[in-house]
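One structure below.
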There are 2 protein chains.
Amino acid sequence: MTIQQVATEAGVSPSTVSNLLNGRNHRMLPETRQRIERAIDKLGYRPNRAARQLRTGRNTTIGLVVPSVGNPFWGALARHLESAALAEGYHVLLCNSERDPRRERDYVDELWADGVHGVVLCSSLPSLEHVMPLVERGLQLVAFDRTSQAGDPASLVSISVDNAIGSQLATQHLTDLGHRRLAFVSGALASVNRKERYRGFTAGLEQAGIDPATSVRAPVKGDADDFGDVEASELGRAAAAELLALEEPPTGIVAINDMCALGVCRGLRDGGLEVGKDVSVVGFDDIVLADLYAPTLTTVRQPMKEMAAAAFTQLRSRLDDSGPTQGQSLLFRPELIVRESTAPPS
Amino acid sequence: MTIQQVATEAGVSPSTVSNLLNGRNHRMLPETRQRIERAIDKLGYRPNRAARQLRTGRNTTIGLVVPSVGNPFWGALARHLESAALAEGYHVLLCNSERDPRRERDYVDELWADGVHGVVLCSSLPSLEHVMPLVERGLQLVAFDRTSQAGDPASLVSISVDNAIGSQLATQHLTDLGHRRLAFVSGALASVNRKERYRGFTAGLEQAGIDPATSVRAPVKGDADDFGDVEASELGRAAAAELLALEEPPTGIVAINDMCALGVCRGLRDGGLEVGKDVSVVGFDDIVLADLYAPTLTTVRQPMKEMAAAAFTQLRSRLDDSGPTQGQSLLFRPELIVRESTAPPS
DNA sequence: CGAGGCTGGTGCAACGATGCACCGCATGCT
DNA sequence: AGCATGCGGTGCATCGTTGCACCAGCCTCG
């Protein structure tokens, strides 16, 4: 089923069919147009993507580079991004970097070599230097879950939740419930996102008139520079043990993310405490597990669907219409989801 | 960076470069070969996939159609399949069917239209009739987590865990611990996989000299024909409540999968029972959550990595070497992972 | 009445890689 | 000498689509 066959069937030239297919049909007789459309339907014609891409240099595939879709958080992003892309006829090429900077770089290179001009990059790297050469050559990049940095390319779009606000909401929720001794559990505050969440935590404390100095940032040993997701839960578990060993253990705990929070819950239970009664725990992300765990986890939801849709929209507009080339940051409003893991202090 | 530029740089014709790239270098002077290789390195040349595909009709992309990568089980598959593919220079195009038969069908169609000749299909549909036309035209299909059916295409490869054995292992584990009153919790036994798991359950009972008639298949109301993953946990929760209402509640429960098992745990806790002490629960799949939950969940592991690798290998060999075209079923050996949710009856 | 404009298309040369057919040369065989 | 054979490559048409350049035919206008 080539465009040639359609043209023959419709009694026109391939160019005319191509014109219609590409919206250059301003001065085309409605009759001609209908003949072509009928021929397309009859033959079940679909343009050959390879030929099209070869000719135009463009394509309708975007790349998604995530640490690992095995992690529900990224899985959710992949799912929603793909949905948004599908609606516009785009495809998503999936790449798991496995948190390996080299693999991340190789993937972006390869995507570019394959003619993919738009990539949603979920990088664990603080610097995007490794992809700068491609960005200069026209690669459109959306950084996801990573706010913009000074050294980032000017055209970069960053999509992220407002981490400070989210964390502050979580903290306020605990202080509103009456908690006065709070702890913040996280690995090293290596990324901007983590720093922002910590900032939200202290802001929340201050607003409640609590001196941040009396609160605790859980002093986790082996404060890993970066950590994966299973690690996050182990980290939370260890942190909980440490917190329980304090003279005055906190009654409310804000965790850097849900996986970490689940680990904290685990650790608290190890110590014989009941989450949602003896101690309150708040997570961040609202992954699927949050609503499945026992007790269900109070957490700060990232509006994944909207964020994924925005990522696609941004890429698309820059790819197609060569829309705005100037970079921008989109900060989404997080939402506190109250569940069973938080309650007034006993 | 075209093959022409490489040819010029190496002082040969494009054909010669192409020959080398495609392994037709039997009768090529080592010196010529080196000149070309140096030129490729120097220019950082990468063959243009679109051009290659247009010319050959082949490509190095495989499709993966899953219900939703938001589900950790499928996320894990996607991750491992992608890893296996990457090692051979293949790409994975991700498609979420969202359990919509129509979307599933459209995706397979579109993949085919895009020149993708190999697809790993994780279908929730009992019949594969909707893709038969494409299979007849040469589409290579691997069905994942779905054992072969009588009506399936002859060339179909099925990859699945041995569900009956897995379930039997789970059941035996419980009987070995001394449990005599067991229950099996599942939605409708609509799929072959579910039937097999139930068969393993009864086989396990019989082997322990227990009359299956005395055991319970949890009589869940609104026995959904098919259910998603959040539903699975709710179903488990409801089933647990029903089981607890029995005169002689079971002391050991085998769940159809981990999500369902987590729901069961939830329901038992609602009823004031402690899982891993008052009641034992075994799941199936070994998703990430299983090791995070409290208590950690005893379950039957599906060797995802190996299964994903096999899926890719099967596709690849049929795509490249036009290897065996005869279909086959690969049944992987499941492994019982004992954790905290099972213990001798109290 | 001829230049210019509009209408509704068509012709053609690419895009980059492929792989069959073929080539000139040297050597072997009869 | 005459022909076949092996060697190490090269020439060229081709995959399906695109979009600029162009073209006939008709109309308008000074």
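Computed from heavy atoms alone, side chains included, the values below leave out hydrogens, waters and symmetry copies. Proteins come first, then strands; the chains are lettered A, B, ... in the order of their sequence lines, and each starts at number 1.
In this model, the phosphate group of D/dG16 is not approached by any side-chain N or O of A/Thr2 to a distance below 4.0 Å at OP1 or OP2. Note on B/Arg58: a side-chain N or O is less than 4.0 Å away from OP1 or OP2 of C/dG19. Under 4.0 angstrom from either OP1 or OP2 of C/dG19 there lies at least one side-chain N or O belonging to B/Arg24. Residue A/Thr32 places at least one side-chain N or O closer than 4.0 Å to OP1 or OP2 of C/dG9.
B/Thr56 comes within 4.0 angstrom of the backbone, heavy atoms only, and of no base. B/Leu54 comes within 4.0 angstrom of a base, heavy atoms only. Contacts of A/Val12 with the nucleic acid, taken as non-hydrogen atoms under 4.0 Å apart, involve only primed sugar atoms and P, OP1 or OP2.
Separating the CD atom of A/Gln4 from the C1' atom of D/dG16 is a distance of 10 Å, rounded to the nearest angstrom. Between A/Gln34 atom CD and C/dG9 atom C1' the separation is 17 Å, expressed in whole Å. Taking atom CZ on B/Arg49 and atom C1' on D/dC15, their separation rounds to 18 Å, with Å as the unit. Distance, B/Asn22 CG to D/dG9 P: 17 Å, rounded to whole Å. In this structure, CG of A/Asn19 is placed 16 Å from P of C/dT7, rounded to the nearest angstrom. To the nearest angstrom, P of C/dG9 lies 12 Å from CZ of A/Arg27. Atom pair A/Gln53:CD and C/dA17:C1' shows a separation of 14 Å (rounding to whole Å applied). Here the P atom of nucleotide D/dC7 and the CG atom of B/Asn25 are 14 Å apart, to the nearest Å.
Other residues, nucleotides and ligands contribute at most 12 non-hydrogen atoms within 6.0 Å of the CZ atom of B/Arg58. Residue B/Glu88 places its CD atom among more than 12 non-hydrogen atoms of other residues, nucleotides or ligands, all under 6.0 Å distant. Other residues, nucleotides and ligands contribute more than 12 heavy atoms inside 6.0 Å of the CZ atom of B/Arg35.
At a threshold of 4.5 Å between non-hydrogen side-chain atoms, the residues A/Ser160 and A/Ser329 do not count as touching.
Counting only heavy atoms from C-beta on, A/Pro47 has its side chain closest to D/dT17 among D/dT17, D/dT10, C/dT10. In the set C/dT10, D/dG16, D/dG8, D/dG8 carries the atom at the smallest distance from any side-chain atom of B/Leu29. The listed nucleotides are D/dG8, D/dG16, C/dA17; the one nearest the side chain of A/Asn48 is D/dG16.
Contact annotation: side chain of B/Ser15 to base of D/dG11, donor-acceptor pair present below 3.5 Å.
The backbone N or O of A/Ala51 lies less than 3.5 Å from a partner atom in the side chain of A/Asn48, making a donor-acceptor pair.
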